[in-house]
Amino acid sequence: VNAWDTLLQARAIENFCYNIGVNRVGTDGIEVPYSGHSGFIDPKGNFLSHFIEDEIIHTQVLNRKMLDTFRDKFPVYLDADTFSVE
């Protein structure tokens with residue numbers, strides 16, 4: 001579960017976007033346990049919401065202005081490669 005949490009944060013950071021990771025909780029029909037750890041992560045890798053073992057429906061408000069400001073201050077998209085697949 002450490003890898004799951006870390007990779008959710010890493011995907012948000014590397015893509016300069018919000019990331020939402022959804023995982024199930026409880027035990028399935030063949031007794032396989034699931035730990036949850038669903039969460040909303042901001043572009044800086046911070047958890048805005050993190051649900052460890054909660055079965056929940058959650059709504060999260062995302063801040064577009066913060067995202068645009070963050071991307072303007074650190075415009076990594078300008079370093080993108082251009083290519084085509086033929």
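Residue numbers count from 1 along this sequence.
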Taking Trp4 as the fixed residue, which of Leu7, Asn2, Leu8 is the one that meets the side-chain contact (heavy atoms from CB on, under 4.5 Å) rule? Leu8

Any donor and acceptor pair, going by atom type alone, linking the side chain of [X] with main-chain N or O of [Y] inside 3.5 Å?
{"X": "Ser38", "Y": "Asn23", "value": "yes"}
{"X": "Asp42", "Y": "Lys44", "value": "yes"}
{"X": "Tyr18", "Y": "Asn63", "value": "yes"}
{"X": "Asn15", "Y": "Arg11", "value": "yes"}

Give me the atom names and distance for the closest heavy-atom approach of Leu67 to Pro43.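 In terms of heavy atoms, the two residues are closest at CD1-CG, 3.4 Å.
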
Heavy-atom pair of closest approach, residues Arg71 and Cys17: NH2-CB, 3.8 Å

Would you say the ring centers of His50 and Phe40 fall short of 6.0 Å from each other? no

Using the ring centroid of each side chain, check whether His37 and Phe51 are separated by less than 6.0 Å.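 Not under 6.0 Å, so no.
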
Rounded distance (nearest 0.5 Å) linking atom CG of Asp54 with atom CD1 of Ile57: 13.0 Å

Inspect the surroundings of CD in Glu53 and state if more than 12 heavy atoms from other residues, nucleotides or ligands are less than 6.0 Å away. no

Within 6.0 Å of CG in Leu78, more than 12 heavy atoms from elsewhere: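 Counting neighbours around CG of Leu78, more than 12 heavy atoms of other residues, nucleotides or ligands fall under 6.0 Å, so yes.
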
Say whether [X] and [Y] are linked into one hydrophobic cluster, either directly or through other cluster members, by side-chain heavy-atom distances under 4.5 angstrom.
{"X": "Ile52", "Y": "Ile41", "result": "no"}
{"X": "Ile20", "Y": "Phe70", "result": "yes"}
{"X": "Met66", "Y": "Leu48", "result": "yes"}

Tell me whether the guanidinium CZ or amine NZ of Arg24 lies under 6.0 angstrom from the six-membered ring centre of Tyr34 and within 45° of its axis.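 Yes, cation above the ring, under 6.0 Å and within 45°.
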
